[in-house]
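Report on the following structure.
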Protein chains: 6
Amino acid sequence: MDELVVFTGNAHPELARNVVDYLGTPLGKAEVFQFANENIFVRIMENVRSRDVFVIQPFASPVNQNVMELLIMLDALKRASAGRITAVIPYYAYGRSDRKDQPRVPITARLVADLLTVAGANRVLTVDLHAAQIQGFFNIPVDELTGLYLLAEYFWKKSFIDNLVVVAADIGISKRARDVAARLKAPLAIMEKNRSANDDRSQILMVIGDVAGKVALVIDDEISTAGTLVNNVNALISRGAKEVYFGSTHAIFSGPAMERIASSPVKEVVVTDSLPVNGKKKSEKVTVLSLSTLLGEAIKRIHTGQSVGELFNGGK
Amino acid sequence: MDELVVFTGNAHPELARNVVDYLGTPLGKAEVFQFANENIFVRIMENVRSRDVFVIQPFASPVNQNVMELLIMLDALKRASAGRITAVIPYYAYGRSDRKDQPRVPITARLVADLLTVAGANRVLTVDLHAAQIQGFFNIPVDELTGLYLLAEYFWKKSFIDNLVVVAADIGISKRARDVAARLKAPLAIMEKNRSANDDRSQILMVIGDVAGKVALVIDDEISTAGTLVNNVNALISRGAKEVYFGSTHAIFSGPAMERIASSPVKEVVVTDSLPVNGKKKSEKVTVLSLSTLLGEAIKRIHTGQSVGELFNGGK
Amino acid sequence: MDELVVFTGNAHPELARNVVDYLGTPLGKAEVFQFANENIFVRIMENVRSRDVFVIQPFASPVNQNVMELLIMLDALKRASAGRITAVIPYYAYGRSDRKDQPRVPITARLVADLLTVAGANRVLTVDLHAAQIQGFFNIPVDELTGLYLLAEYFWKKSFIDNLVVVAADIGISKRARDVAARLKAPLAIMEKNRSANDDRSQILMVIGDVAGKVALVIDDEISTAGTLVNNVNALISRGAKEVYFGSTHAIFSGPAMERIASSPVKEVVVTDSLPVNGKKKSEKVTVLSLSTLLGEAIKRIHTGQSVGELFNGGK
Amino acid sequence: MDELVVFTGNAHPELARNVVDYLGTPLGKAEVFQFANENIFVRIMENVRSRDVFVIQPFASPVNQNVMELLIMLDALKRASAGRITAVIPYYAYGRSDRKDQPRVPITARLVADLLTVAGANRVLTVDLHAAQIQGFFNIPVDELTGLYLLAEYFWKKSFIDNLVVVAADIGISKRARDVAARLKAPLAIMEKNRSANDDRSQILMVIGDVAGKVALVIDDEISTAGTLVNNVNALISRGAKEVYFGSTHAIFSGPAMERIASSPVKEVVVTDSLPVNGKKKSEKVTVLSLSTLLGEAIKRIHTGQSVGELFNGGK
Amino acid sequence: MDELVVFTGNAHPELARNVVDYLGTPLGKAEVFQFANENIFVRIMENVRSRDVFVIQPFASPVNQNVMELLIMLDALKRASAGRITAVIPYYAYGRSDRKDQPRVPITARLVADLLTVAGANRVLTVDLHAAQIQGFFNIPVDELTGLYLLAEYFWKKSFIDNLVVVAADIGISKRARDVAARLKAPLAIMEKNRSANDDRSQILMVIGDVAGKVALVIDDEISTAGTLVNNVNALISRGAKEVYFGSTHAIFSGPAMERIASSPVKEVVVTDSLPVNGKKKSEKVTVLSLSTLLGEAIKRIHTGQSVGELFNGGK
Amino acid sequence: MDELVVFTGNAHPELARNVVDYLGTPLGKAEVFQFANENIFVRIMENVRSRDVFVIQPFASPVNQNVMELLIMLDALKRASAGRITAVIPYYAYGRSDRKDQPRVPITARLVADLLTVAGANRVLTVDLHAAQIQGFFNIPVDELTGLYLLAEYFWKKSFIDNLVVVAADIGISKRARDVAARLKAPLAIMEKNRSANDDRSQILMVIGDVAGKVALVIDDEISTAGTLVNNVNALISRGAKEVYFGSTHAIFSGPAMERIASSPVKEVVVTDSLPVNGKKKSEKVTVLSLSTLLGEAIKRIHTGQSVGELFNGGK
C-alpha cells in the first residue's frame, strides 16, 4: 500500500490536525466549501493516485451537510484513483435510527452505511456506535474504537473510586456501562426511562439497583440537549446518591445543553472530542478528553497492516 | 399480485400446515430431500409463475441444513419465475452473531441476510429477532412479529397477576421485557450475567431490582440448553422470589434442556411453536402457544397489501 | 399497480398540495422533522404496501438537508413495502457538478443519482436538468419535463414578440435557448462568459450574435444570486438591446438576488415554482408560472401507464 | 501482496496440514466450532490485515454444514480486513445441480457460487468440477486443477498398460475420460446409463465401444454410494473385460460404498484425498493419491503471481 | 401484468412476424438502424410503460452487431419504463465459449449473460443452448425450449424409422442425442472428434457404437461451415452406414456450408428457423422447420403466467 | 502494483505499438480473432496474474465488433487474475447517444460504460469524449485526455495566427472551441446547425459571430462523413472567411469523407490518430498528429501513481 494521506472536511478540522500531529504527516490539501447556491464543492489539491487515504469527518452539526460533504469527498477521491479510502467517522449520527420500532419508519443508520459505501468508502473507522450491531449495517470492514476506556481511566484516579456506582443512563447503554463498571471494579445500576413519543421528551421511570450513599457515574453514549442528563442526575440524587458524575463519549451539546449542565447538580461531565466541543461556550463542569492519540494509532495500524484489536487489552 | 402459494421446507411442516389451514389454501406441492451424497434436492411441483409465494422455514435443527434448504428453495422459485417471494422465518438463528464483540469474528446474522437476498428472497417475515437491529441487516422489507404479546396475554389471566415482577433474563432482552411488563402492569427487574468466553457457560452476577416475595416471570428470547434458565430461576429463588415462571418466544430445547426444566424449581415454561417442540419428549411444565394465526394473518395482509403493523395496537 | 399516494417532504409542500389538487387525491400523511440533534425523523402515517408512491421534493434550500430528507423518506417507504417509488425532484441541485473539468473534483450529480437509487427510488420525475446527460447518470427510468415551454407560451403573447431575440445566458444553455427561439420564431444570440475560478464570480466576455435594437429574452436554467443575470442584462443593454427580459425554470434566489433584480434594468424575470419562491420577499418584476399542472399530469400518466412524451408535441 | 496465511475449517484439516507442510508455513490459527444451538462460531486468532489469505475447505460430509462454515469464515476474514481471500475448495459439492433439466428445479452450483462471492471470496481454487461450465457460474477468478493426471500417472506404470481401454462412467465424464485415454495412449469406451428419476438409482443401458479382452479403467468424477461403480464394473465384465479398475478424483464414499467395493469384482479403486478418506474404514482395494503437492504449488503460484496453467503441460 | 408487446431487431424479422401472427398481435413499432458512423440507433415508436415486452433477436450474422443491437434495445425499453422485458434469443451465440479449457481464455457465454442483465433484460427465452449449464450463467429466469423434438417428430414419419441409429455429432451433444434416440426408439452411437487447436479444423477420430447397415441420423446443435457435417457423414459411410441424415437446431450456414452440403453424400439436412436460413441460396437438401408456434406459445404462457414446462411432456 | 503489460485488440494495433515504443516495453502477447461463425476468440498468451494491465482499443470501424472484442478481452483478463485492468479507449463511440432527446431512445454511452464495468474494467483512459458528462456515466475512475491542445500547438506556428478566428462546429463543441481559442488568443464564433431528424443530414442555420476577412479554424470533436465539415466550410466562406482550416480529435472518415474533403475549399484538415487513418487512402489535405506520446505518458503516470492532470498546465 502506498503512502498515507489524511484529509479533513469541515466537521472537525481541529481533531484532524491533532491526529496528523500524532502521525507526523501533514494534512492533505483540499478545498471543501459551499457555493452561494449551497452546493458543496470539493477539490483535492494533491495527487492521491494509489495512496492510502483517510478522511476524518465526524457527523457534527450541521449534521446533514457534514454527511453530504463526506460523501462528496469520497466521490472525488474515488474518481481521483485513490488506492484505498477509509472514512474516519468519530461520531456516527443517526445511530438511534437503527431499527423499525414503529411501522413505516426508516433505518437511517443502515441507509447512511449504504450511502458511504456507494460513494466510495472502502472501510470505516469509528468510535462508540450507538449500537454495536451498526457494524453489521456495513459490508466493508469497520473498526470501532471506544472512548469509554479513556473515561474509565480518568475516573480511576478519583478519590471516591471505592464508593462508586456506575449507572447506565438507559437500558440501551447498559452493556457498555457494565464494561465500564468492570474496569472500575464498581457495581452497576440501570436507569429505565420511557421515551414514548417522537418528541425528544424523556421520562425517568425508575432506577434499577442501589445508589443510595454512593457516588454515581452515569454512562451514556451521547449528550444532546442534556435533558436526559438533568433528569438522570435529579433522579439519582432523589434516590440518595451522594454525588453524580456523567460520562459520555459523544458531546453534541445542542440547544440549552450548556445552561442545563451549569444549573444542574451534576459535579462533572466528562466527554471526548469526537465532536468539536471547544468552539462552544463551555461550562466549567465539562472536561474534554482527546481521542487523537487513539485515532492516530488506529490509522497507523490500519495503514501498516497491524492489529487494531490489540489497541485494547482483550478489547475490540 | 397473482394468487398466493405457501410452501414449506423440512424445518417445521406442522407449523406450515397450521398456517395454510388458517388461510384456507392448500400447501404448495414440492419435493425437498437429500440425496445420498447429502446434496439437497428441491423440485417445485406446481406452477408458480407470477404467483405471490411464501416459504415457511424456521432455522430449526439441523440449523445449517435448514438454512441451505431455504436458500435452495428460493433459488428454485426465483428461476421458476415466481412473482414475489417472501421467506417466512419464524426463528432466525445466528441472531446472537450480530456484532463484532471481539476481533476477527463474523457478523453471521448479516451474512445470512445477504445469503437470503442473493438467493432470491424479495421480503422476509420473521418473529422476535434476537436484536431489532437485525432488520437493518436487510435491504429488502422485513416484517417482524412478536410472540411476546401472546405470552403476556397468557399470563394476564393468571391469579398471581397482581403480585408479578417481570424479569429480563439478561440486559439484551431488557427492552422487550419492559414492554411485556408494561402490558402486564408489572414492575421490571433485570438479571445481569456475564458470558465471558465462547463456551456457552454463563454466570449470574446479580439481580438488579426487587423480586423478594413476588412471582417472577423471566422473559428471554430463546431457550437453548436451558442452562441460563436454571441459573436464572435459582438466582431469583435465592433472592426471595415466591415462584418463577419462564417465557420465551423461541424454544430450541437442545441437549439436556428438558431434563433441566423438569428438575428445576421453575413452575412453568411458556414458549411458542416458532420451532418444532411437539416432536420432542416434552416436560409437563412446558406450554406451547401457537403462532399460526399470527403468521397466517400477517401473510394474508402482506398478500392483499394491508397494514401488518395494525396487527398490534401501537405495535410493530 | 395499486392506488396512487403522493407524499411531500419539507422542501416545497405548497407545490405538492397544488399537484394533489390537480390529481384530486389527498396528500399522503407523514411526519418529517428534525430532532434536537438534527437527525431527520420520518414516519409514514398511512399504509403504503404495494401502493404507487410519489414523493415531491425539489432540492430547495437548505439543499443538503432536503437531499438527506428525501433519501430517508425513500428508505422508510422501501422498508414499508411500497409497490413502486417515484422521486419527484422538480429542481435537481448539484447539476453543475456533472463532469470533471479540473483534476480531483467529484461528479456530484452522478453521486446523488446513486444515492437516490440505493435509498430506494424506482424512478425519477424531474424538470430541466442542468445538462440532459444527467439522465444517463441514472439506471432507473427518468422522465424529464421542461418548464421552458411554459415560458415560451408566456412570452408568445407579448406585444414585442416580432422584435424579439432569444439570448442564451451562456454556452451551456444555448441548445435549450435555441429550442425556445424556435418556438418563438425568433433569432438566437449567445453570451459567452468565462467562469474561471471556483468563486462564483463570472465575467462576461462577449455577445455572439446581434441584439442591437431588439427586445432580448435571456434564457438560463437557474438564477442563484442573480449576479449572472445582472451582468447579462447590462452587457445586452450596452450592446444596444432595447429591453431585456429574463426567463429561467429554476429560481434559487439566494443572497442578494431580489435586490439585484429590483435595481437592475431588467424589465421582468419569469420563473417557475420548481422551487418555493412565494415565501420570499419577492420583487414586483418577478413572475412565477406554476408547474403543478404539468407535474400532476405527468404523475397521472406514469401511474396509468400512458406516454409522458406525448405531453409535449414532438417534445421530450 | 502481503504475506501468505492458510486457514482450514473442519472439513479436512489433514489435507490443510499437508498443504502448509509443502509451503513451509504454519497453519493460520482460528477457532471454528458449533455452539450447543448448532450455530457455527468462528474466530480468527491471528492478525490478517492486508494478508493474502487461503481457506482450505472441501465440501465434505456434513456437506451443508461445511458450506456454511466456509461462508462464515469468509465473512470473518473479510471483516478482519484480509487483503485477498481465496476459497480453496478441493471438492465442490452440488456440481450435479448445474442446469434445469426439469421444470422448477434450482441451479444450486450457481447459487453456491453466489453465496461464496457475497460472503467475501475474492477467488476460488478447486479441483475437477463436475462440469467445466461451473467456472462460468463465478465472476471472480477460478483456478481449476485436475486430479485425473495424477491417476493417469499412477496407471501409466502398470504392466497392463498396453492392453488398456479407458471407459467413461457416463456421457457427462466422457470428455475428461478422453483426455485420460489420450495421456495413457489407450482407446475410449463410454457407458451410457439412464438416471431417470431423482432417487439415485441408476440403470446401465449399454457400453458404447469395445472392451472385450481388455483391462478397463473406468473414469468418473466422484464415487458416492458406489452403486454406479458396481453397475459399471459388472456391465464391463459381462461385456468381456478382463479386469476392471476404477479411477475418480473425488471419494465421497457414503453409506454402503466400502462394502460394495469390497464385494465387487473391481480390482482397485484409485481416488485422491480431495475429501477425507483416511478416517473411514477403508477397503484394501482403495488407493488414495494426495493432492497436497498440487494444491500447495498452486497456492504458491497464486500468491507470487506465477502462472498456474503451467502446472500442466498444455494443461489448464 | 399489462398488455403484451413484441418487438424485433434486425436479426430475424421474419421469425418475429410469424410469432406475432401466432399470437394475433401486431409487431411493436420501432426504428433500429445504423448511422453512417456505424452507431446503432434505436427508437421505440409506441408507448411501452408498464407493458410486458418481448424482443425477438437471435444472435444471427452479423453476430456482434446483433448482440449490441439487442443490448441497446433493452436499454431503450428499460428507460422507457417497460414493465417487464424478456429477451427472446432463439440462437444464443458464444455458447461454445462456456468454460476455460485453456489458460487465460474468456467465458464469453457468461459475459453475454451479464451484458444482457445489465442492459435491462428481466428474463430470457431461448432454444437449445450449446450447454444446459449456460442457464446457470444467468440469475434472471431462463426458459429454454428445444427444437430437437420438432426434428424427432419429423423423422418419426420416415419409412426407415425402424432401421435408424441416432448418432451424436460429438461427445458434447451426446446427452441430447440420447434423448432424441429415446423419442425415436433408436439406438445411439457417438462420434468422437478431437478439435485440438483454435482453428476450426476438426478431425474425426472414431465412431463409438454400431452403424453398419443402418440409416444414421446425426444430431448436432449447430451447423456453421458444415465442415464437421461433411466429416461426420463421410466417416459414417466409411463405417458402413446405408444413408446419413443430419439434424440440427441451429443453422448458421457460414462460408462454404451450402456448397459442402450439396456436394456431400448426406441425404437431407433438417434444421429450424432459429436463424434466418430462407434468405440464403439454399441447397435442395435442406429442410427448415419453423419454431414460430413453439416460441409464440411460450411467450403466451409467460405472459399469462402458465407453465412453460408443460409445453413438453416430461420436457424442459 | 506489479509490472505493466499493454495489450491491443484489432481496432488500432499501430497506435498500440507506438505507445509501447514510448514506454519501452514489448506489446503483450494475445490471440484475438473471429471464428468462421463470427464468434470472437481471445487468448492471452502470457501470464497476467497481479499485473497492471492496459488494453488499447479505440471504438474504430467495425464499431460494434470492436466494442465486443474489448469486452471479451476484459473478461479473459479478469478471469486470468489480472491485478488491475485499464481500458484505453482513445475514441469512445456512441458518445452522441448521451441523453434522451426524444421519447424512448437509449442512452447508449451509459450502456457501454456499464458493459465495460461488468466485463471487468477497473478504470478507463480516453480522449475527448463527445460530452464531458460521459465521465459521470462511469463509477470507475476515468482519465480523459484531450487532443485539442496538440491541434492548438500545431496551429500556433502558422503565419496567419494573428488573423485567426476559432469557430465551433456546433453549439455542443463550443466550450472546447472556446478553450482552443483562448490558447490561440483568437476570438470565437459558433456555427448553429439544426440536426432535426435521425438521418445524419445536417443543415447550417447561421454563423454566430464575425468571420469576415479572417482565417477560420473550425473545431469539432469528430469527422464522420465530412458532410458537416463541407457545410461548415462553405458557410464560412460565404460569410467572408478568407481561408478555412478544420481541426478535430477524432477522424472516422466514413463513406465519402475523403472525396468530400478533397473537393471542398477547406485548406487543411488536422486530426489525431485516435482512430486508424493511415490505412485509408488519405487526401493530401489531411494531417495526422499522433497521440502516442500523450497516451504513453498517461499510462506511465497511472502505473506509477503520478498525477495525470499535471500533463496539462491547468488542464484536465
Side-chain angles (χ1 to χ4, degrees), chain E residues 30-31 33-48 59 61-69 71-80 93-97 100 102-108 110-112 114-115 117-120 198-200 222 224-225 227 252 254-255, chain F residues 30-31 33-48 59 61-69 71-80 93-97 100 102-108 110-112 114-115 117-120 198-200 222 224-225 227 252 254-255:
Chain E
E31 287 184 350
F33 65 89
Q34 279 199 347
F35 285 119
N37 63 4
E38 299 176 34
N39 284 11
I40 296 164
F41 180 76
V42 168
R43 189 152 60 113
I44 307 299
M45 305 295 281
E46 60 181 275
N47 181 27
V48 294
F59 292 154
S61 175
V63 170
N64 294 297
Q65 185 169 325
N66 278 325
V67 171
M68 285 296 292
E69 199 179 278
L71 295 173
I72 295 169
M73 291 182 78
L74 292 172
D75 186 78
L77 288 162
K78 172 182 71 183
R79 292 184 185 279
Y94 285 106
R96 284 161 195 265
S97 177
K100 283 179 65 181
Q102 321 174 55
R104 294 172 234 110
V105 297
I107 305 185
T108 311
R110 167 66 194 261
L111 171 65
V112 172
D114 288 343
L115 301 184
T117 305
V118 83
N198 297 313
D199 53 11
D200 272 332
E222 66 182 53
S224 176
T225 61
I252 299 174
S254 59
Chain F
E31 287 183 350
F33 64 90
Q34 279 200 344
F35 286 118
N37 63 5
E38 298 176 33
N39 284 11
I40 296 164
F41 179 77
V42 168
R43 189 151 60 112
I44 307 299
M45 306 295 282
E46 60 181 274
N47 181 27
V48 294
F59 293 154
S61 176
V63 170
N64 294 296
Q65 185 170 323
N66 279 325
V67 171
M68 285 296 291
E69 199 178 275
L71 296 173
I72 295 168
M73 292 183 78
L74 293 172
D75 186 77
L77 289 162
K78 173 182 70 184
R79 293 184 184 279
Y94 284 108
R96 285 164 194 263
S97 178
K100 284 178 66 179
Q102 321 174 55
R104 295 172 232 111
V105 295
I107 305 184
T108 311
R110 167 65 194 262
L111 171 65
V112 171
D114 288 343
L115 301 183
T117 304
V118 84
N198 296 314
D199 54 12
D200 272 334
E222 67 183 52
S224 177
T225 60
I252 299 173
S254 60

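Below, read A as the first sequence line, B as the second, and so on, with proteins coming before strands; counting in each chain starts at 1.
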Where the side chain of F:Lys78 meets the backbone of F:Met73, is there a donor-acceptor pair that is under 3.5 Å apart? no
Looking at E:Gln65, E:Arg104, E:Glu222, which makes the most heavy-atom pairs under 4.5 Å with chain F? E:Arg104
Check each of E:Thr108, E:Val105, E:Ile107 against F:Ile72 using the side-chain contact (heavy atoms from CB on, under 4.5 Å) test, and report the only one that passes. E:Thr108
Any donor-acceptor pair under 3.5 Å linking the side chain of E:Lys100 with the backbone of F:Ala76? no
Which residue out of E:Ile252, E:Asp114, E:Asp75 racks up the most heavy-atom pairs below 4.5 Å with chain F? E:Asp75
Taking side chain as everything from C-beta outward and backbone as N, CA, C, O, which of these in E:Glu69 sits under 4.5 Å from a heavy atom of chain F? Side chain, backbone, both or neither. neither
Dump the intermediate steps for side chain to side chain donor-acceptor pair (under 3.5 Å) on F:Ser254 and F:Ser224, then the final yes or no. CA-CA 5 Å; F:Ser254 60; F:Ser224 177; 3.2 Å; yes
Answer yes if the side chains of E:Asn64 and E:Tyr94 hold a donor-acceptor pair under 3.5 Å, and no otherwise. yes
Counting only N and O atoms by type, is there a donor-acceptor contact under 3.5 Å from the side chain of E:Glu38 to the main-chain atoms of F:Val63? yes
Which one, F:Gly255, F:Ala93, F:Pro62, leads in non-hydrogen pairs under 4.5 Å with chain E? F:Pro62
Below 4.5 Å, heavy-atom pairs only: which of F:Ser61, F:Ala119, F:Ala30 has the largest tally toward chain E? F:Ser61
Is E:Leu77 close to chain F through its backbone or its side chain, or both, or neither, when contacts mean heavy atoms under 4.5 Å? neither
Among E:Val112, E:Val118, E:Val67, E:Leu111, who wins on heavy-atom pairs under 4.5 Å with chain F? E:Leu111
